[in-house]
A.B. asks: 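Input: one structure, supplied below.
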2 protein chains.
Amino acid sequence: MVDMSSPTPPVAPAPRRSDATRNAILTAARERFAADGYERATIRAIARDAGIDPSMVMRYYGSKEGLFAAVLDVDLRLPGMQGVDPREVGEVLVSHFLDLWEENREVLTAMVRVGTTNQTGAEGVRRIFRDQIVPLARQVCPDPEQAATRAALTASQIMGMALTRYVLRLPPTVALSREEIVKWLGPTVQRYLTAPYPTPYPG
Amino acid sequence: MVDMSSPTPPVAPAPRRSDATRNAILTAARERFAADGYERATIRAIARDAGIDPSMVMRYYGSKEGLFAAVLDVDLRLPGMQGVDPREVGEVLVSHFLDLWEENREVLTAMVRVGTTNQTGAEGVRRIFRDQIVPLARQVCPDPEQAATRAALTASQIMGMALTRYVLRLPPTVALSREEIVKWLGPTVQRYLTAPYPTPYPG
DNA sequence: GGCATAAGCCAACAGGTGTTGACCAACAGT
DNA sequence: ACTGTTGGTCAACACCTGTTGGCTTATGCC
């Protein structure tokens with residue numbers, strides 16, 4: 001699992017001499033997958049970016065799918081919601097995702113790009129949703145029974161903004177400032193997570 | 001422009017003997033692009049589905065990009081919002097998009113799939129947004145100046161739901177009923193289109 | 001120093017891609 | 001009945017893809 005918070009993973013299982021190359025490959029792969037999608041990101045191009053031979057990619061990651069799976073292994077680092085004012089949960093969450101996206105544009109763009117095209121990609125997204133978003137929703141939902149549904153609604157809005165802003169680049173979404181997005185999307189996410197049930201005007 | 005409301009375009013410019021083949025190609029292309037994305041949908045496979053030779057695709061659509069552009073030429077058939085109760089605009093719109101997606105799953109799925117991967121695809125989506133969604137927003141927005149921004153927010157939520165439900169297939173979004181989606185997303189879209197400005201609780 | 005092992009490069013394979021041009025068959029107009 | 005045009009097929013080109021195995025070089029251990 002890629003821990004994006006620290007340059008070196010906290011627990012290094014077995015430091016190999018080839019770690020530099022491995023990382024170069026992974027970095028190049030992130031950028032290429034993000035920029036070109038799964039099919040057009042060729043192993044040859046990734047290897048060229050990393051400054052090594054294409055066969056090294058196969059040696060270290062087995063196959064193109066294997067390399068991509070390694071790229072998809074992402075930790076969203078979602079903060080706990082315990083200390084947060086329950087009425088601010090929406091804005092806090094939107095804010096966090098915006099930071100996350102700005103910091104790691106390649107990985108997340110790659111995820112959306114390839115998730116829409118590739119079977120492995122779609123499964124990766126589903127896994128991240130299940131393992132990281134749903135548990136978070138469980139912390140703030142009134143009824144834990146509904147956590148998955150509410151998490152999914154939240155995901156639909158946040159991924160929708162990511163899609164239109166970072167991938168499709170619809171001009172008005174690109175023009176939005178960070179604060180505007182938080183102000184617009186915060187209450188939406190807030191309602192999806194905490195409103196008692198679908199109501200036109202929560203509160 | 002594909003008018004999906006009637007099997008035959010209202011104004012036929014010049015009925016050719018090859019129209020049957022042209023349509024067979026277009027239909028097969030829609031399905032293949034939707035199922036496989038741009039790169040993996042090969043001309044050979046499309047031709048096989050249509051029961052003709054690959055070279056016919058080139059003859060009639062010039063290139064693979066040309067064929068795809070033809071597939072992307074979509075009319076969303078958005079209804080006018082004049083007669084609608086201004087407080088129901090959100091639900092009406094979400095409802096309409098759900099119908100649209102169920103009826104034309106291939107075209108719209110293809111659009112999202114390829115829009116995220118392909119430059120031409122992304123431009124196609126931006127054009128549809130600009131020519132069809134923004135004008136609609138202009139009808140219902142309080143300040144026409146903000147129409148584009150509000151349309152973009154609406155698009156982010158509706159495309160986000162389409163993405164998670166029809167493309168990524170996150171289980172909880174697939175499980176949602178039509179009515180639930182309208183109840184949840186309707187007020188969101190309503191607020192994006194008509195609320196005076198970002199407020200935690202509109203009304 | 002000797003040597004096993006890891007790191008890396010090179011060249012090639014087998015298959016699939018978009019695209020092209022030569023060729024044949026059927027129709028329409030005269 | 002002849003002929004120009006349109007609809008359609010076939011085989012090939014040039015290129016690019018993921019992947020493989022053999023080879024050379026450097027490293028670390030005894």
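In what follows, chains are A, B, ... by sequence order, proteins preceding strands, each numbered from 1.
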A.B. asks: Is there a donor on the side chain of B:R59 or the base of D:dG8 sitting less than 3.5 Å from an acceptor on the other?
C.D. replies: yes
A.B. asks: How long is the gap from CD on A:E39 to OG1 on A:T117, to the nearest 0.5 Å?
C.D. replies: 6.5 Å
A.B. asks: Whole Å only: how far is the CG atom of B:N23 from the C1' atom of D:dG7?
C.D. replies: 15 Å
A.B. asks: Parallel under 30°, tilted from 30 to 60°, perpendicular over 60°: which one fits the rings of B:Y192 and A:W184?
C.D. replies: perpendicular
A.B. asks: Using OP1 and OP2 only, check whether a side-chain N or O of A:T21 sits under 4.0 Å from C:dG8.
C.D. replies: yes
A.B. asks: Taking the nucleotide of DNA chain C with the closest heavy atom to each, which residue, A:G51 or A:R44, is nearer the 5' end?
C.D. replies: A:G51
A.B. asks: What verdict does the side-chain contact (heavy atoms from CB on, under 4.5 Å) test give for B:K183 and B:E91, after you've listed the backbone C-alpha separation in whole Å, the side-chain angles of each residue and the deciding distance to 0.1 Å?
C.D. replies: CA-CA 7 Å; B:K183 282 289 175 200; B:E91 293 202 356; 4.0 Å; yes
A.B. asks: Measure CZ/B:R40 against P/D:dC16 and give the value in whole Å, please.
C.D. replies: 21 Å
A.B. asks: With respect to the side chain of A:Y60, which nucleotide from D:dG8, C:dA7, D:dT17 is positioned closest?
C.D. replies: C:dA7
A.B. asks: Which class fits the ring pair B:Y38 and B:F33: parallel under 30°, tilted 30 to 60°, perpendicular over 60°?
C.D. replies: parallel
A.B. asks: In whole angstroms, how far is the P atom of C:dT17 from the CD atom of A:E39?
C.D. replies: 11 Å
A.B. asks: B:D19 CG to D:dG8 P: how many Å, rounded?
C.D. replies: 10 Å
A.B. asks: Starting at atom CG of B:D53, determine the distance to atom C1' of C:dG21, rounded to an integer number of angstrom.
C.D. replies: 13 Å
A.B. asks: Which of the following nucleotides, D:dT9, C:dC9, C:dC13, is nearest to the side chain of A:I52?
C.D. replies: C:dC9
A.B. asks: For the helix from C:dG1-D:dC30 to C:dT30-D:dA1, measure the angle between the helix axis at one end and the axis at the other, each built from five pairs, rounding to 10°.
C.D. replies: 10°
A.B. asks: Where the side chain of B:M56 is defined as all heavy atoms beyond and including C-beta, which of C:dG8, C:dT19, D:dG8 is the nearest nucleotide?
C.D. replies: D:dG8
A.B. asks: State, without any angle test, whether B:Q157 and B:T188 hold a side-chain donor-acceptor pair at a distance under 3.5 Å.
C.D. replies: no
A.B. asks: Any donor-acceptor pair, under 3.5 Å, between the side chain of A:S55 and the base of C:dC10, if you only look at N and O atoms?
C.D. replies: yes
A.B. asks: Would A:Q146 and A:T149 count as having a side-chain donor-acceptor pair, cut-off 3.5 Å?
C.D. replies: no
A.B. asks: What integer distance in Å separates B:I25:CD1 from C:dG18:P?
C.D. replies: 14 Å
A.B. asks: In whole Å, what is the span from the NZ atom of B:K64 to the P atom of D:dC15?
C.D. replies: 19 Å
A.B. asks: Does anything in residues 164-178 of chain A pair up under salt bridge (Lys or Arg N to Asp or Glu O under 4.0 Å), and if so which pairs, sequence neighbours excluded?
C.D. replies: A:D99-A:R178, A:E102-A:R165
A.B. asks: Rounded to the nearest Å, what distance is computed from the CG atom of residue B:D36 to the P atom of nucleotide C:dG16?
C.D. replies: 15 Å
